[in-house]
There are 2 protein chains.
Amino acid sequence: MQIGELGEQLGVNPKTIRYYESIGLLPEPARSSSGYRVYDETDAERLGFIKAAQRLGLALDEVREILALRDGGQAPCAYVRTVISREVADIDQRLEELHRLRGELVALEQRARSASGEGTICGLIEHVRQKSAP
Amino acid sequence: MQIGELGEQLGVNPKTIRYYESIGLLPEPARSSSGYRVYDETDAERLGFIKAAQRLGLALDEVREILALRDGGQAPCAYVRTVISREVADIDQRLEELHRLRGELVALEQRARSASGEGTICGLIEHVRQKSAP
DNA sequence: GTAGAGGTTCCAGCTAGCTGGAAGGCAACC
DNA sequence: GGTTGCCTTCCAGCTAGCTGGAACCTCTAC
């Protein structure tokens, strides 16, 4: 498939795909006779992985490192294990914090639910609306 | 406490704290007679919240919105509830993705653990080391 | 009273991660 | 064969989120 289709499929701008290639996140793809980039499902999976990791707050540098580990899957070693452990510990902390944040929000919502019946006017709206007004 | 101490406590650069104030994430603090910013535990808690939310991948704009909800806690209403629900749904998705990513990494580590005894040399090291070399 | 650490404002510049535009090539349809 | 649309490279510019530096003030210790 061409770059446009890949981008469409994953919701990623073709520009971004070329950019990822330029910084070594995606391998240089095959080219058609006319020079167009040609991608396959492996590329799509990889791009999906990048986007998922990114949504979780990983920097592209970290993603690159993880992908490198994944790519060279043949003979991992002690060093690799430490890299992975660090990453997992990091994720665990994020999980915990996300849980806490979620708890806070849910508690807020409880308060919202109990405080007002179906009222649609409150000071908060004004507050929040300021976002849209310059 | 002064800006330096607050920063120290939370691991945040004083510059960053002033920046947060300038974009409305932190309220304008009290000032000492000589014009120094003076903070209390409430500010520390708020800054901690901001940093936690940020580590989870929330943009400062979103953090601002959540803080606004929190601040105006007196009379939440229907609109507020929808904002919160959206945020919670978002978090749930992130939680799920984080779990998946964690699973992948742990699987990778299993492979590492079983493949090599205590070997410290492998192709991966070279690969990963390229990061440090220009 | 002077040195040094830490505070102030203001303004400029930086990194990460894209994104837009120019200038042109290729493919497919009418 | 011309138009439309997607592709190419290259280079510049953008937003978010800081961060560094200049120029100056203030507190504390010697």
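Below, read A as the first sequence line, B as the second, and so on, with proteins coming before strands; counting in each chain starts at 1.
- The pair A:Glu21-A:Arg37 meets the salt-bridge criterion, since a charged nitrogen lies less than 4.0 angstrom from a carboxylate oxygen.
- Counting only heavy atoms from C-beta outward, the side chains of B:Arg64 and B:Ile23 approach each other to under 4.5 Å.
- With contacts defined as side-chain heavy-atom distances shorter than 4.5 Å, the pair B:Asp43/B:Pro27 qualifies.
- Of the residues B:Lys15, B:Arg46, B:Lys51, the one that meets the side-chain hydrogen bond (donor to acceptor under 3.5 Å, both in side chains) test with B:Tyr20 is B:Lys51.
- Summarising the geometry, the separation between NZ on B:Lys15 and P on C:dG7 is reported as 12 Å, rounded to the nearest angstrom.
- Residue B:Leu25 holds its CG atom at 8.5 Å from CD of B:Gln54, rounded to the nearest 0.5 Å.
- Map A:Tyr20 and B:Gly35 each onto its nearest nucleotide of DNA chain C; the residue landing nearer the 5' end is B:Gly35.
- Atom CZ of A:Arg37 is separated from atom P of C:dA27 by 16 Å (rounded to the nearest Å).
- Rounded to a whole Å, the CZ atom of A:Arg31 is 13 Å from the P atom of C:dC26.
- B:Arg18 comes within 4.0 angstrom of a base, heavy atoms only.
- Distance CD1 (A:Ile50) to P (C:dG17): 12 Å, rounded to an integer number of Å.
- Remark: P of D:dT9 and CD1 of A:Ile3 are 9 Å apart, rounded to the nearest angstrom.
- Note: CD (A:Gln54) to P (D:dA16) measures 16 Å, nearest angstrom.
- Here D:dG17 presents its P atom at 14 Å from CG of B:Leu26, a figure rounded to the nearest Å.
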Once base and sugar-phosphate atoms are separated, protein heavy atoms under 4.0 Å mark nucleotides 23-30 of chain D, 5' to 3', with B, S and - as ---BS---
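- Nucleic acid contact class of A:Ile23 (heavy atoms, under 4.0 Å, all strands): none.
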